[in-house]
Amino acid sequence: MSQEIPLSSSEIATLWMTYQQKTMTQRILEYFIAQAEDNGAKEIMQDTHRQVVNYIEDIKTILQNEGAAIPVGYTEKDVNVGVPKLYNKMFDIMFLRLLKEISMGLHTLHLTMSYRKDMISLYKELTAFTQSGYDKCVDYLQEKNVLPRPPAVSIPKTAKFAEGTDYMNGIHLFSSKRALNTVEVAHIYYASPSSTAVLKEELIMRIAFRAKASVTGFAFTDT
C-alpha cells in the first residue's frame with residue numbers, strides 16, 4: 001500500500017472510468033495524427049497525445065501500488081491508422097475540442113468524489129491540462145474562422161426585474177412577445193447545431209456517403 005488511507009470505492013471507480021476515457025482518447029488521437037495534413041493541428045494533437053499517455057501511466061501506477069488490477073482499456077488493436085480518413089481538415093480539432101469539453105466536466109466531478117491527496121492532485125492536474133487543451137483548440141479554430149461565435153447583443157445599461165408571471169409567457173407563440181434575455185440566448189446557442197455545425201455537418205455527410213460501409217476501428221472501409 002502506497003498510502004495509509006486505502007482508495008475508496010468512488011476513487012477506484014473514477015480511476016477506472018478515467019483510464020477508459022483516456023485510452024480511448026489516445027487511440028483516437030493516434031488515428032488523427034497519422035492522417036493530419038495541417039501542421040498546427042498536428043502539433044496540438046501530438047502534445048495532447050503525449051500528455052494523455054503520461055496520465056494513463058500515472059493511473060496505472062496508482063492502481064498497481066494499491067495491488068489493484070489494471071483495467072482493460074482501448075489498445076492499438078482497436079484502431080486501424082492505415083484506413084483512409086472520412087473527414088476533412090478541421091474535423092479532428094473540432095472533435096478534440098468536444099472531447100475536452102466533456103472531459104472538463106468529468107474531471108471536476110471526479111475531483112469532488114476524491115478524498116486522498118494524491119487523487120485530488122491527479123484530478124486537479126487533469127482539469128488544468130484539459131482546460132489548456134480546450135483553449136488551444138478554440139484558438140486554432142477561431143484563427144481558421146470555422147468556430148462561430150455566439151450572437152452579439154446590446155449591453156444592458158440598467159438592472160431590471162421580472163414583473164409578474166407574464167414574463168414567462170413572453171416567448172410563447174400565442175402571447176405577447178418580449179426580447180430574449182442573455183441567459184436564454186446563451187443556452188439556446190449552446191444547445192443549437194450552429195455551435196458544432198462543422199462537426200455535425202461532416203458527420204452527416206460522411207455517414208450518408210458511406211451508408212453501406214463497414215466499420216474498422218475509427219475509420220470505414222467499403223465491403
Side-chain angles (χ1 to χ4, degrees), residues 17-56 59 73-110 125-150 187-211 213-222:
M17 287 187 285
T18 305
Y19 186 86
Q20 295 287 350
Q21 191 255 351
K22 293 307 175 191
T23 55
M24 180 189 72
T25 301
Q26 175 189 5
R27 303 308 169 187
I28 291 174
L29 284 171
E30 286 170 356
Y31 183 81
F32 283 166
I33 291 169
Q35 301 294 331
E37 298 176 359
D38 182 88
N39 290 332
K42 188 173 185 178
E43 183 178 344
I44 292 172
M45 293 186 292
Q46 286 177 327
D47 182 60
T48 302
H49 179 270
R50 176 181 57 80
Q51 294 186 70
V52 164
V53 171
N54 289 339
Y55 282 118
I56 290 171
I59 293 171
Y74 291 84
T75 71
E76 64 277 359
K77 295 180 180 179
D78 294 312
V79 56
N80 184 351
V81 296
V83 174
K85 65 180 182 179
L86 292 177
Y87 55 86
N88 294 323
K89 62 181 180 179
M90 307 297 175
F91 175 87
D92 45 14
I93 297 297
M94 287 288 289
F95 193 81
L96 180 58
R97 172 178 172 267
L98 181 60
L99 290 177
K100 292 294 183 182
E101 184 178 321
I102 295 170
S103 294
M104 278 191 281
L106 286 175
H107 297 326
T108 302
L109 174 63
H110 292 168
E125 289 181 18
L126 280 169
T127 300
F129 157 63
T130 303
Q131 290 172 338
S132 174
Y134 181 85
D135 288 345
K136 291 177 182 178
C137 292
V138 170
D139 289 344
Y140 173 87
L141 292 168
Q142 287 186 330
E143 287 175 5
K144 300 296 183 180
N145 200 31
V146 296
L147 186 64
R149 292 173 57 84
H187 284 286
I188 289 172
Y189 175 81
Y190 182 79
S192 71
S194 62
S195 61
T196 53
V198 175
L199 181 61
K200 292 179 180 178
E201 180 181 356
E202 187 75 27
L203 281 171
I204 292 170
M205 289 177 60
R206 296 306 173 179
I207 290 173
F209 180 71
R210 294 294 181 93
S214 61
V215 179
T216 303
F218 294 107
F220 295 81
T221 55
D222 291 328

Which donor-acceptor pairs under 3.5 Å do the side chains of residues 41-51 make with protein atoms, sequence neighbours left out?
from, atom 1, to, atom 2, distance (Å)
Asp47, OD1, Arg50, NH2, 2.6
Asp47, OD2, Gln51, NE2, 3.0
Asp47, OD2, Lys136, NZ, 2.9
Thr48, OG1, Ile44, O, 2.9
His49, NE2, Glu30, OE2, 3.1

Run Thr18 and Leu106 through side chain to side chain contact (heavy atoms under 4.5 Å, CB included) and show every step you take.
CA-CA 8 Å; Thr18 305; Leu106 286 175; over 6 Å; no
To the nearest 0.5 Å, tell me how far Leu96 CG sits from Glu101 CD.
11.5 Å
Any idea which heavy atoms bring Asp78 and Gly73 closest together, and the distance?
OD2-O, 4.3 Å
Could you please spell out the steps behind the side chain to side chain contact (heavy atoms under 4.5 Å, CB included) verdict for Tyr19 and Tyr74?
CA-CA 9 Å; Tyr19 186 86; Tyr74 291 84; over 6 Å; no
Among all residues two or more places apart in sequence or in another chain, which pass the side chain to side chain donor-acceptor pair (under 3.5 Å) test with Gln35?
none
4.5 Å side-chain heavy-atom contact, Lys22 and Val53
no
If we ignore hydrogens and angles and just use 3.5 Å, is the side chain of Asp135 paired with the main-chain N or O of Ser132 as donor and acceptor?
no
Could you measure the distance from the OG1 atom of Thr108 to the CG atom of Leu126? Nearest 0.5 Å is fine.
10.5 Å
Atom pair CD/CE of Gln131 and Met104 - distance to nearest 0.5 Å
6.5 Å
Worked check of side chain to side chain contact (heavy atoms under 4.5 Å, CB included) between Asp38 and Tyr140:
CA-CA 11 Å; Asp38 182 88; Tyr140 173 87; 3.0 Å; yes
Going from CG on Leu141 to CZ on Arg97, what distance comes out if it is rounded to the nearest 0.5 angstrom?
7.0 Å
Is there a side chain to side chain contact (heavy atoms under 4.5 Å, CB included) between Phe95 and Tyr87 once you walk through the steps?
CA-CA 11 Å; Phe95 193 81; Tyr87 55 86; over 6 Å; no
Approximate separation, where rounding is to 0.5 Å, of Leu99 CG and Tyr134 OH:
12.0 Å
Tell me the closest heavy-atom pair linking Lys100 and Thr130, and the distance in Å.
O-CG2, 3.2 Å
Compare all side-chain heavy atoms of Lys85 with those of Tyr31 and state whether any distance is below 4.5 angstrom.
yes
With under 30° as parallel and over 60° as perpendicular, where do the rings of Tyr55 and Phe129 fit, or are they tilted in between?
tilted
State, yes or no, whether a side-chain contact exists between Ile28 and Thr25 at a heavy-atom distance under 4.5 Å.
no
d(Glu37 CD, Asn88 CG) to nearest 0.5 Å is 8.5 Å
Checking side-chain contact (heavy atoms from CB on, under 4.5 Å) against Thr23, which of Ile59, Ile56, Thr75 comes through?
Ile56
Closest heavy-atom contact between Ser103 and Gln21?
OG-NE2, 2.6 Å
